[in-house]
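Here the structure is laid out as structure tokens; the discussion comes afterwards.
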Amino acid sequence: MRILFYQWHSFMNEGVERAWKQLGIEYDTFFFQQTDWESDTGIVDLLERKIKENRYDMVFSINYAPLVSMVCEREQLLYVSWVYDAPIHIRNTESMKNSCNRIFFFDRMQAEEYARQGIAAYHMPLAADVETFERYGVRSQYQTDISLVGKLYQTEYNYYLGPLSRYLRGYLDGIIRAQMKVYGGYFLGDLLDDALLHELNECYGRVSNGDVSITREELEYMMACEITGRERYLALALLSNHHAVKLYSTDKDERLDMVEYMGYADYYKQMPEVFKSSKINLNISLKIIQSGIPLRVFDVLGCGGFLLTNFQAEMPECFSLGEDFVVYESIEDLYAKADFYLRNESERNRIAKHGLETVRKYYTFRQQMEKILREVEC
């Protein structure tokens with residue numbers, strides 16, 4: 001078997017390549033960084049030339065690329081993608097129905113939703129790149145009580161609230177407050193019906209002479225980001241008032257004056273050392289992830305870091321809660337558990353070690369790639 005690995009500046013590239021080498025799979029790489037996944041700025045011609053010059057059994061990519069699918073459909077070549085984002089950031093999902101596609105989603109509910117639409121969608125949890133992360137160690141500059149790597153999710157939600165009636169503003173904010181109180185359950189999308197969307201767009205149309213409107217998908221994603229941003233702000237504000245907290249992000253919130261801003265942490269150069277050097281690593285998942293386990297969870301565990309995370313429905317299927325990592329059920333519970341584990345180093349280290357052993361045993365890239373290849377019968 002020979003695979004063409006379409007690459008861009010994504011996570012997981014090293015883990016996938018190592019897995020194929022371990023499995024004795026022959027592959028080539030083809031790199032092209034798209035700024036717009038649906039606009040051809042040269043990728044189609046280059047990819048077609050690469051495929052025609054060589055003989056491949058399939059093309060593989062991290063995340064789904066519509067233009068790659070288009071080329072594979074034309075060349076009658078199997079296209080396999082493994083998605084770590086939720087939602088998929090493309091506007092037109094029609095190409096996902098191409099017969100060449102086999103699309104693996106880390107979120108089961110997302111996979112089931114697309115499968116109902118006639119798309120060859122499968123569920124596959126993500127993996128930990130343990131062998132890459134083993135190269136790194138603890139560094140004093142990253143040592144702290146608590147760290148968060150990720151965005152603050154500062155949105156345009158308040159901008160979109162501006163033209164709305166008091167009732168509509170209150171209704172949307174009520175949805176946000178309700179969803180914020182539910183950990184492990186997602187109902188936001190179910191509450192954004194056609195009647196609500198029509199009312200919103202009537203308001204936007206009046207104040208913009210018809211130039212501004214919002215789709216259901218855009219509204220849901222914006223509100224999910226707003227919920228995540230509020231939760232991350234509350235968590236960081238509360239914890240930083242009592243403990244040393246470092247934030248690794250390109251975002252900044254002036255209200256979080258007790259948080260130490262560390263800037264962006266490169267995935268392969270700094271992130272492993274951050275996770276190894278922090279007593280507690282936080283995961284606060286993007287709310288639109290309905291059931292799946294985010295890559296951040298596997299990354300922290302694969303580094304041997306201690307993880308304190310919100311609950312996701314698929315977690316008990318893959319891990320032992322309280323043994324591999326610790327789950328919080330509210331902001332108050334987050335504070336109480338952070339305080340407890342900062343004071344109990346031996347228990348914290350025991351859980352971190354157990355989590356590392358679990359991903360090493362069950363969730364390496366080799367193991368997950370073997371499952372993917374069996375599923376597509378390669």
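All figures in this text were calculated on a predicted structure; none of them were measured in a lab.
At distances below 3.5 Å, at least one donor-acceptor pair connects side-chain atoms of Ser277 with backbone N or O atoms of Arg139. Remark: side-chain polar atoms of Asn92 are paired, donor with acceptor, to backbone N or O of Glu94 under 3.5 angstrom. Using a distance-only test at 3.5 Å, with no hydrogens or angles considered, no donor-acceptor pair links the side chain of Glu273 to the main chain of Val138. A donor-acceptor pair under 3.5 Å links the side-chain atoms of Gln179 to the main chain of Phe187, judged by distance alone. Gln368 places a side-chain N or O within 3.5 Å of a backbone atom of Pro125 that can act as its donor or acceptor partner. Side chain of Arg348 to main chain of Tyr341: a donor-acceptor pair is present (N/O by atom type, distance under 3.5 Å, no hydrogens or angles). Side-chain atoms of Gln110 never come within 3.5 Å of backbone atoms of Gln290 as a donor-acceptor pair (strictly under, hydrogens ignored). A donor-acceptor distance shorter than 3.5 angstrom exists from the side chain of Thr144 to the backbone of Ala244, with no hydrogens or angles considered.
The aromatic rings of Tyr122 and Phe104 lie parallel to each other, with less than 30° between the two planes, well short of the 60° mark.
Residues Phe60 and Tyr6 place their aromatic rings such that the two centres sit no closer than 6.0 Å. Close placement of the Tyr204 and Tyr160 rings is indicated, their centers lying within 6.0 Å of each other. Ring centroid separation for the pair Phe275 and Phe306 does not come in under the 6.0 Å cut-off. Two rings, from Phe106 and Trp82, have their centers 6.0 Å or more apart.
Between Asp173 and Arg230 there is a salt bridge, since a side-chain N of the basic residue sits under 4.0 Å from a carboxylate O of the acidic one. Using a 4.0 Å cut-off between charged nitrogen and carboxylate oxygen, Lys151 and Asp251 do not count as a salt-bridge pair. Using a 4.0 Å cut-off between a side-chain N of Lys or Arg and a carboxylate O of Asp or Glu, Glu217 and Arg91 do not qualify as a salt bridge. Taking a cutoff of 4.0 Å between a charged side-chain nitrogen and a carboxylate oxygen, Arg216 and Asp193 do not qualify as a salt bridge. In summary, Glu226 and Lys287 do not engage in a salt bridge, as defined by a charged side-chain N under 4.0 Å from a carboxylate O. For the pair Lys279 and Glu345, the salt-bridge criterion is not met [side-chain N within less than 4.0 Å of a carboxylate O]. Under 4.0 Å is where a charged nitrogen must lie from a carboxylate oxygen, and between Asp45 and Lys50 no such pair does. Ion pairing between a basic and an acidic side chain is recognised when a charged N comes within 4.0 Å of a carboxylate O; Asp129 and Arg18 show such pairing. The pair Glu131-Arg366 fails the salt-bridge criterion, with no side-chain N (NZ, NE, NH1 or NH2) lying under 4.0 Å from an Asp/Glu carboxylate O.
Results of the side chain to side chain contact (heavy atoms under 4.5 Å, CB included) test with Leu282 over Val300, Val149, Val245, Leu148 single out Leu148 as the only residue that passes.
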